[in-house]
Amino acid sequence: MTSTTIEFAPGLTVQGFTPPLNLKDFKLIAFDMDSTLINIECVDEIADAAGRKAEVSAITEAAMRGEITDYKESLRQRVALLRGVTVAHMEQVLAERLQLNPGAEALVKACKAAGLKVLLVSGGFTYFTDRVRDRLGIDFTRSNVLEIESGPNCGQLTGRMVDQAWGDICDGAEKRRTLLEVASLLGIEPGQCIAMGDGANDLPMMGVAGLSVAYHAKPKVREQAMVAINQGGLDRLLEVLR
């Protein structure tokens, strides 16, 4: 986007529109999960349980900055390093490390009160997205399924993901496709959607939404978003909406 970025308030920039917009003009808000709705990158924290966090985090960071262009391959590499991690380890991550980011509940509540549906679309895993969905009352989710061993190694990750009806891995292209699919299902235009994320794989869905929001995001994402929240919680989006 070539328009001028304006510091609307401390730590909150806008470009390409004049605030305030009317929240009720939007019908769907789509969130990335890891480092957007929640405070962690789940794949990194699961890897920590396997003593491989440094290796996995380096791949995650490069992928989020957009330095690894094949997101699917980067995720396969990271998940392969999780082989042997147990479901108990994932439960520990859920119980001890995963927290909603500040303002998540307030923003979702405000959106629902204004009549918006809520979509969670993540390159992360159903084990976590299902819990976040239930906690926030989210309407639609799409994310990846970790394969779990049966037999003697029952309860351990195989290091692979399971193909789903819609495809193999939820990457940037799939996030965009999901947003458009849900919009079509709801009978609304992409311009009536808000898309919110922090990494390079969120840019495709942010690019088709009527309002794109970067939350504590990588520089490449901040530059392209219509709203960038660089300080404070997710509910700061409400400062540019009425």
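Computed from heavy atoms alone, side chains included, the values below leave out hydrogens, waters and symmetry copies.
- Taking the charged nitrogens against the carboxylate oxygens, R78 and E55 have no contact shorter than 4.0 Å, which rules out a salt bridge.
- When side chains are defined from C-beta on, V213 counts as touching I229, because their heavy atoms get closer than 4.5 Å.
- I38 and L107 fall within the same hydrophobic cluster, where Ile, Leu, Val, Met, Phe, Trp and Tyr residues are linked whenever their side-chain heavy atoms come under 4.5 Å apart, directly or through other members.
- Looking at heavy atoms from C-beta onward, L136 lies in side-chain contact with L37 at the 4.5 angstrom threshold.
- Atom CD of residue Q156 and atom OG1 of residue T86 lie 7.0 Å apart, to the nearest 0.5 angstrom.
- Between the side chain of N230 and the main chain of H216, no donor-acceptor pair closer than 3.5 Å is present.
- One hydrophobic cluster holds both L234 and L23 under the rule that ILVMFWY side chains link at heavy-atom gaps under 4.5 Å.
- Shown here for R142 and E174, the closest heavy-atom pair between the two residues is NH1-OE2, 2.8 Å.
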- Please report the C-alpha distance between M206 and K175 in whole Å, then the side-chain angles of each, then the deciding distance to 0.1 Å, and finally whether the side chain to side chain contact (heavy atoms under 4.5 Å, CB included) criterion is met. CA-CA 9 Å; M206 290 168 68; K175 287 185 176 195; over 6 Å; no
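- Considering only heavy atoms from C-beta on, V132 stays 4.5 Å or farther from F31 through its side chain.
- What you find for Q15 and E223 is that their closest heavy atoms are NE2-O, 2.7 Å.
- W166 and L186 fall into different hydrophobic clusters, where Ile, Leu, Val, Met, Phe, Trp and Tyr side chains are chained together by heavy-atom contacts under 4.5 Å.
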- Task: Test L12 against Q231 for side chain to side chain contact (heavy atoms under 4.5 Å, CB included), laying out the working first.
- Result: CA-CA 7 Å; L12 184 68; Q231 294 170 23; over 6 Å; no
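- One distance of note links OG of S184 with CZ of R177; it measures 11.0 Å at 0.5 Å rounding.
- One finds the OH atom of Y127 at 3.5 Å from the CD atom of E91 (value rounded to the nearest 0.5 Å).
- Other residues, nucleotides and ligands contribute only 12 or fewer heavy atoms inside 6.0 Å of the CZ atom of R83.
- Taking a cutoff of 4.0 Å between a charged side-chain nitrogen and a carboxylate oxygen, D44 and R97 do not qualify as a salt bridge.
- Annotation for E189: atom CD does not count as buried by contact number, only 12 or fewer foreign heavy atoms lying within 6.0 Å.
- Using a 4.5 Å cut-off on side-chain heavy atoms (C-beta onward), K53 and E45 make contact.
- No side-chain heavy atom of L157 sits less than 4.5 Å from a side-chain heavy atom of F125.
- Taken to the nearest 0.5 Å, the CE atom of M33 stands 10.0 Å off from the OG1 atom of T141.
- Electrostatic pairing of D134 and R131 does not count as a salt bridge here, judged by no charged N lying under 4.0 Å from a carboxylate O.
- The heavy-atom pair separating D198 from V221 by the smallest distance is O-CG2, 3.6 Å.
- Only one option out of I188, D139, I194, L185 pairs with L28 in a side chain to side chain contact (heavy atoms under 4.5 Å, CB included); it is I188.
- Considering all non-hydrogen atoms of both residues, K72 and D168 come closest at NZ-OD1, 2.7 Å.
- Annotation for C170 and Y71: closest pair O-CE2, 3.8 Å, computed over non-hydrogen atoms.
- Here the straight-line distance linking atom CD of Q99 with atom CG of N101 works out to 9.0 Å at 0.5 Å rounding.
- In summary, K218 and E61 engage in a salt bridge, as defined by a charged side-chain N under 4.0 Å from a carboxylate O.
- Here the straight-line distance linking atom CG of L241 with atom CG of D235 works out to 11.5 Å at 0.5 Å rounding.
- Connection of V145 to V93 is not established within any shared hydrophobic cluster, with ILVMFWY side chains joined at heavy-atom distances below 4.5 Å, either directly or through further cluster members.
- In summary, of the residues considered (V108, L211, L237), a side chain to side chain contact (heavy atoms under 4.5 Å, CB included) with I29 occurs for L237 alone.
- The backbone N or O of M226 lies less than 3.5 Å from a partner atom in the side chain of S212, making a donor-acceptor pair.
- Using a 4.5 Å heavy-atom threshold, the side chains of K220 and L203 count as touching.
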Side-chain donor/acceptor pairs under 3.5 Å, residues 109-124, sequence neighbours excluded:
unit_1 : atom_1 : unit_2 : atom_2 : d
K112   : NZ     : G137   : O      : 2.4
S122   : OG     : G124   : N      : 2.7

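- Clustering ILVMFWY residues whenever any of their side-chain heavy atoms sit less than 4.5 angstrom apart, transitively, puts Y215 in the very cluster that holds L98.
- When all heavy atoms of D32 and T36 are compared, the closest pair comes out as OD2-OG1, 2.8 Å.
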